[in-house]
There are 2 protein chains.
Amino acid sequence: MNKIRAIDQPLSLTRLAYKRLRETILSGQLKAGEIYNEMALAREMGVSRTPVREALLELSSQGLVTFLPRKGVQVNYFDDRDVEEVFELRKLIELAAVEKAVVNGTAPDWDEVEEILQQSRRAAGKRDLEAFLQADRRFHHQLVEVSRNSRMHSILDNLRDLVQVMSYEAINRVERMDEVVSEHDQIMRALRAGKAIEARDAMATHLDRSERAVLDQHRALMGSSEE
Amino acid sequence: MNKIRAIDQPLSLTRLAYKRLRETILSGQLKAGEIYNEMALAREMGVSRTPVREALLELSSQGLVTFLPRKGVQVNYFDDRDVEEVFELRKLIELAAVEKAVVNGTAPDWDEVEEILQQSRRAAGKRDLEAFLQADRRFHHQLVEVSRNSRMHSILDNLRDLVQVMSYEAINRVERMDEVVSEHDQIMRALRAGKAIEARDAMATHLDRSERAVLDQHRALMGSSEE
DNA sequence: ACGGCTTCTATTCCATGTAATATACTGCGT
DNA sequence: ACGCAGTATATTACATGGAATAGAAGCCGT
């Protein structure tokens, strides 16, 4: 052990504030485009301004909020161009990841992914959006996991956050949940069969469809989110 | 204009502290592995602890420093695995970027890149490391620029920072400077000729060689940077 | 001499105070 | 009624104060 990686910072108010703020943004409780102020946020969570500000700083460098100098902190909103940029990156990373996964993956890895797939299938059956999103996230997460590149991993996590705020309710359409499950299934089958090209193609199809779903929703809401 | 992007934050002490700290790290003035403390850094640059801390927070989320809870802030050091991770990502991004560049690039774009190449050639001739690094950076920067994905851009900037601290003096070997110029030349020629595959291959070769140069230097210094 | 306990110190982490500033509002003059 | 100036207010950006804690150093007993 000659390397000190990000040490556990078990409970720090900054860390806590970060987690809570991120969740409230991802869940849509803090609305995109709205401007909030540090003091109010701090009061609401019962800590001082400092840890809240530090948490917001981190969220800012992840592209979730923007500091508006003497006005407050704005939860970012996204246009079509943003969606395209994010999905372009996801394709780069995740397509490469599945190809690597075919080489690196072992049976236990596949069993793990299979288990996650089961969870998302159950969640889709119960129409449990929260659980579904979580399982969906873990599925993609796990595939990048086997490619063993921690930086790729954290970039992807960030991109997933962006996708989630870009489209909190896009996936809510019931058909899409089932579609996603079946698309994941196809990826999984190709992976187990060791077919790199097929796996890659299946992932590409999946990401393209997800992108389209997000874009369609954006268009549907057009005009309502203008400032 | 319906989109407020990162507003200019013209002069803020935090921004200023960030720039200065980043530069001192990239230039090796703050040494990898060493632990510094906020107050001393703040005193040295004549501001209070707050802006310095906020700057360090940002550097931390970019992976340049690590907060060690009651000890100080450590400038990150990197092992072979880190080098591999970073270059794996660079390849993903930059190879895709050159392919897109062939499609998107216009004559003015190529002229701009050519101009940058000239600068790096001159810098290499004069053995001016500082100027060379800057031109080298601009070269890669410009190629990603034409792919018009701002997020890809900022990720690449971050990766370049990491490469620079991983190997401040690696490129110092005079042969490598000349090699780099010639490798860039080859990429450039393929781009102008509109040959996507060749451009991609040339970039792949370039990145592979750069990675090797960094790894070689790491191996050469083996043992001296152990803690 | 050495191990364990205690004290001290350095440093972050969090809280709060202060000043600058952009925006909104109010009132007056025309 | 409308525009403009002046003022008030809300909010950050920055500074500083206070508390907790991890690690080092010293001390005592054996």
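Letters A, B, ... mirror the listed sequences (proteins, then strands); counts begin at 1.
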**Fill in**
Considering only heavy side-chain atoms of B/Arg70, the closest of D/dA15, C/dA15, D/dA20 is D/dA20
**Message:** Under 4.0 Å from OP1 or OP2 of D/dT16: is there any side-chain N or O of B/Thr50 that close?
**Reply:** no
**Complete:** Rounded to whole Å, the CG-C1' distance (A/Leu11 to C/dT12) equals 14 Å
**Item:** Flag if over 12 foreign heavy atoms under 6.0 Å of CD, B/Glu84
**Value:** yes
**Request:** Scan B/Glu38 against the nucleic acid and name what it touches under 4.0 Å (heavy atoms): base, sugar-phosphate only, or nothing.
**Result:** sugar-phosphate
**Message:** If I take atom CD in residue A/Gln74 and atom P in nucleotide D/dT11, what distance separates them, rounded to the nearest angstrom?
**Reply:** 15 Å
**Asked** So which nucleotide from C/dA15, C/dG17, D/dT16 ends up closest to the side chain of A/Arg49?
**Response** C/dG17
**Request:** Report the residue (B/Tyr36 or A/Gly46) whose heavy-atom-nearest nucleotide on DNA chain C is the more 5′ of the two.
**Result:** B/Tyr36
**Message:** Can a side-chain donor-acceptor contact be found between B/Asp136 and B/Ser120 if the only test is distance below 3.5 angstrom?
**Reply:** no
**Message:** Whole angstroms only, please: what is the CZ-C1' distance between A/Arg43 and C/dT16?
**Reply:** 14 Å
**Asked** Looking at A/Thr14, does any N or O in its side chain come under 4.0 Å of the phosphate oxygens OP1/OP2 on C/dC14?
**Response** yes
**Complete:** Quick note, B/Arg53 side chain, CB onward, closest among D/dG17, C/dT12, C/dG17 is C/dT12
**Message:** Rounded to whole Å, please give me the gap between CD in A/Glu54 and P in D/dA13.
**Reply:** 14 Å
**Message:** Could you walk me through whether B/Arg176 and B/Ser210 satisfy the side-chain contact (heavy atoms from CB on, under 4.5 Å) test, starting with their C-alpha distance in whole Å, then the side-chain angles of each, then the deciding distance to 0.1 Å, before giving a yes or no?
**Reply:** CA-CA 9 Å; B/Arg176 185 72 194 132; B/Ser210 294; 2.8 Å; yes
**Message:** Expressed as a whole number of angstroms, how long is the span from B/Ile35:CD1 to D/dG23:P?
**Reply:** 11 Å
N/O donor-acceptor pairs under 3.5 Å from side chains in residues 38-48 of chain B, not counting sequence neighbours:
unit_1	atom_1	unit_2	atom_2	d
B/Glu38	OE2	B/Arg53	NH1	2.6
B/Ser48	OG	B/Thr50	N	3.3

**Request:** Specify the separation, in whole Å, of atom CG of A/Leu56 and atom C1' of D/dA13.
**Result:** 14 Å
**Listed nucleotide nearest any side-chain atom of B/Phe67, set D/dC14, C/dC13, C/dA15** = C/dC13
**Message:** Using a strict threshold of under 4.0 Å (side-chain N to carboxylate O), is an ion pair present between B/Asp161 and B/Arg137?
**Reply:** yes
**Prompt:** Whole-Å distance between D/dA10 C1' and A/Lys71 NZ?
**Reply:** 12 Å
**Request:** To the nearest Å, give me how far apart CE (A/Met39) and C1' (D/dA13) are.
**Result:** 15 Å
